[in-house]
Protein chains: 2
Amino acid sequence: MPNDPAPRHPTLADVAAKAGVSASTASLAFSGSGPVSDATKERVLAAAAELGYAGPDPRARSLRRGRSGIVGVVLEERVRAAFLDPVKIRTLDGIADGIAPLGAGLLLLPDLGEGESTLTIESAPVDAVVLLWCGLRSSRSIEALQARGIPIVGIECEVGEGLPRITIDNHEATRRGAEYLRELGHRDVAVVALPFDTVRRRGAVSDEQVAAATNVVTLERLAGAREIYPDAPAVETAASSIEEGRIAGFTLLDVDPADRPTAIIAQSDLLAAGVIGAAEELGIDVPGELSVIGFDGIRVDGLQHDLTTLDQPSAAKGRAAGEAVVRLLAGEQPESVAFTSTLHIGDTTARLG
Amino acid sequence: MPNDPAPRHPTLADVAAKAGVSASTASLAFSGSGPVSDATKERVLAAAAELGYAGPDPRARSLRRGRSGIVGVVLEERVRAAFLDPVKIRTLDGIADGIAPLGAGLLLLPDLGEGESTLTIESAPVDAVVLLWCGLRSSRSIEALQARGIPIVGIECEVGEGLPRITIDNHEATRRGAEYLRELGHRDVAVVALPFDTVRRRGAVSDEQVAAATNVVTLERLAGAREIYPDAPAVETAASSIEEGRIAGFTLLDVDPADRPTAIIAQSDLLAAGVIGAAEELGIDVPGELSVIGFDGIRVDGLQHDLTTLDQPSAAKGRAAGEAVVRLLAGEQPESVAFTSTLHIGDTTARLG
DNA sequence: CATCGACCTCGAATCGATTCGAGAGGCCGC
DNA sequence: GCGGCCTCTCGAATCGATTCGAGGTCGATG
């Protein structure tokens, strides 16, 4: 046995040598369709099996081919958090569906590496990228991707000139919800808002904060509400979750009943569920004393009510984004797509009085 | 303006040339910590900015470095389906948590490319792989990964000698659940089982089918139930979903009341919820006329009952797998981890009679 | 018998960056 | 004023596979 200090893994060259062919021929034998005689191909495969060669190295292959077969999905904040938000899950589901023809994998990427992150948007070997509710941070990354010629699709995300975007009618839909509350006779309406930017805060929001906000979805929905209720106070939350909704609910409801709003527009169903929970804990009847309207149209875990909400097609949004990716990679120029939400009237809203 | 037929993207070499340094120096300037003077580094960065160079190509970098910063998660079947299963979501969540120290991205891979899939387990540029409820198909892939020296961790998955596995006490837990039913006086108990292998079927399961099954989880849970009820009939489902549970529920319950089981052991909470739904549609009272026990301990969307179930720590399982990956990549030899489920007694089980 | 294809196989260039050891200056101390 | 050391920079090799055009062999045809 000769010295074998470095038990490296076999490479294509090793296989080729063992099979008595050139590396190029071996490569052809593996890629399948090349003009290689059956005998040769078999010999190469046999040599590979004997050496324990498991096929071409994906890294080298993707370098040479220029494609990795991976589509990145950029999530604001931690990857973990995305798994807790049913809307994101549904959207991811749709994306997976939409890119199915590519046979590509889905790489989940946090927007900003949390300090130690080695794999960032810029350093990930992706063929295309879908941005999901991206914040301001992404703008530099977007430039980097564009410089590298990587197709980008944005979902609810300002993504720059000429790039396809998937959106819904945040403003218009919320306005419709607010109008419905007005028809029910409500005059004192408050908004429980999604985060305004990537710095997560809680509590009442001043006009300056609104002006400085970067989260487009939050702003559009807020503007839609204020088109009907220009003076509606807004409470910011740190995330879209039931617990955050509950906290915001207490802020708005645990006050002198005279100062209490009669209706609350929550910017997500999870927040709405939290608000309803807070109301119940405070002995406030929903919808008798308080009407609550949500956004998303998900079914909230544990919520006993049929939430009045603005039903948005999350999965369809994801699918549209996936399809846009496919077309971009095919060299086409897909259009942006704007979806529409529908007002679902449940049992959490009622006529005032 | 000279002819510019191929508007290629700039490479490190271009930047180096523009900055008047060698490619090696430019590389050092980008990787940051190398012994490069500030003046030079600045010059390189300026040249890069001017050329619109967005940093080193991830593909080339990963080829040279031998690491891609990606951890693959192999899901049986379609990626899409995983997003619909709360248990998988929770586990993914845990994995993301566990590998956080790596700062790596999470690449979701279907077990078998659905025909056209280009990115398979073997051809994905991953540094490590977590197998999630993998089926038989994976075994070839596992060999390929091992041949390439890629660390593997299995969750509820036979993964081969010496590789760390994350498991729960499927057999023992189900036995405990069955014992509880026996204590309640039940004698006619049926099992609504998860899929037996990757060929999705529905309906009553014969002994031959059990013998030929490959899904370890299904088998272990079935064996646990049959330790107490050796003759318990089993119905196979095509997936873990409420709808599948409903279908199986009808199979078992839509019969002569004399032939009806008095209790059903469902192998997942979603299946249990479906069974309960079927019972309600058939006018069978739960738990009055039928006791139902689930597995997982998730809260099922829309289910009004507090399900009696075997609560398993899904997120912890994922986290343990993630941590095992981290340690494998650090050259350590992590142990397998076996978690324990606890019997949660809700209001879907009752004493017989 | 010579020539023309058809069919395989091979060499060499390429993808883009990283890394290691060597070498070139500049600065300090004696 | 000179040797030695330290700091920065560069060349060249390497990672592993793919691809294109060239060349070689063999059978068939005029």
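All chains are named by letter (A, B, ...) in the order of the sequence lines, taking the proteins before the strands, and each is independently numbered beginning at 1. A quick note: this is a predicted structure, and the numbers were derived from the prediction, not measured.
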*Asks:* Can you find a donor-acceptor N/O pair under 3.5 angstrom joining the side chain of Ser24(B) to the base of dG11(D)?
*Replies:*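 Yes, the side chain and the base share a sub-3.5 Å donor-acceptor pair.
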*Asks:* So with a 6.0 Å cut-off around CD of Gln333(A), is the heavy-atom count from everything else above 12?
*Replies:*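 At most 12 heavy atoms, drawn from other residues, nucleotides or ligands, come within 6.0 Å of this atom.
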*Asks:* How close do Leu51(A) and Pro10(A) get, heavy atom to heavy atom, and via which atoms?
*Replies:*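 The pair with the smallest heavy-atom distance is O-CG, 3.5 Å.
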*Asks:* Whole angstrom is fine here: how far is it from CG in Leu12(B) over to C1' in dT14(C)?
*Replies:* 16 Å
*Asks:* Distance-only, no hydrogens or angles: does the Ser314(B) side chain make a donor-acceptor pair with backbone N or O of Arg90(B) under 3.5 Å?
*Replies:* no
*Asks:* Please state whether the phosphate of dT18(D), meaning OP1 or OP2, lies under 4.0 angstrom from any side-chain nitrogen or oxygen of Ser27(A).
*Replies:*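 It does, given that an N or O in the side chain of Ser27(A) lies less than 4.0 Å from OP1 or OP2 of dT18(D).
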*Asks:* Could you give the CZ-to-C1' distance, from Phe30(B) to dT18(C), as a whole number of Å?
*Replies:* 14 Å
*Asks:* Using a 4.0 Å heavy-atom cut-off across all strands, classify Thr40(A) as base, sugar-phosphate, or nothing.
*Replies:* sugar-phosphate
*Asks:* Using a cut-off of less than 4.0 Å, is there contact between a side-chain N or O of Arg61(A) and OP1 or OP2 of dT18(D)?
*Replies:* yes
*Asks:* Please report the end-to-end axis angle for the helix from dC1(C)-dG30(D) to dC30(C)-dG1(D), five pairs per end, rounded to 10 degrees.
*Replies:* 50°
*Asks:* Quick check on DNA chain C: between Ala23(B) and Pro35(A), whose nearest nucleotide comes earlier from the 5' end?
*Replies:* Pro35(A)
*Asks:* Looking only at side-chain N and O atoms, does Thr25(B) come under 4.0 Å of OP1 or OP2 in dC10(D)?
*Replies:* yes
*Asks:* Rounded to the Å, how far apart are Arg67(A) CZ and dC15(C) P?
*Replies:* 18 Å
*Asks:* State which residues pass side chain to side chain contact (heavy atoms under 4.5 Å, CB included) with Thr167(B); sequence neighbours excluded, sorted by chain then number.
*Replies:*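 Listed in chain order: Arg165(B), Ala338(B).
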*Asks:* When only distance counts, do a donor and an acceptor, one from the side chain of Arg65(B) and one from the base of dT18(C), lie under 3.5 Å apart?
*Replies:*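 Under the 3.5 Å cut-off, the side chain and the base do not form any donor-acceptor pair.
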*Asks:* Rounding to a whole Å, what distance do you find between Asp57(A):CG and dT14(D):P?
*Replies:* 18 Å
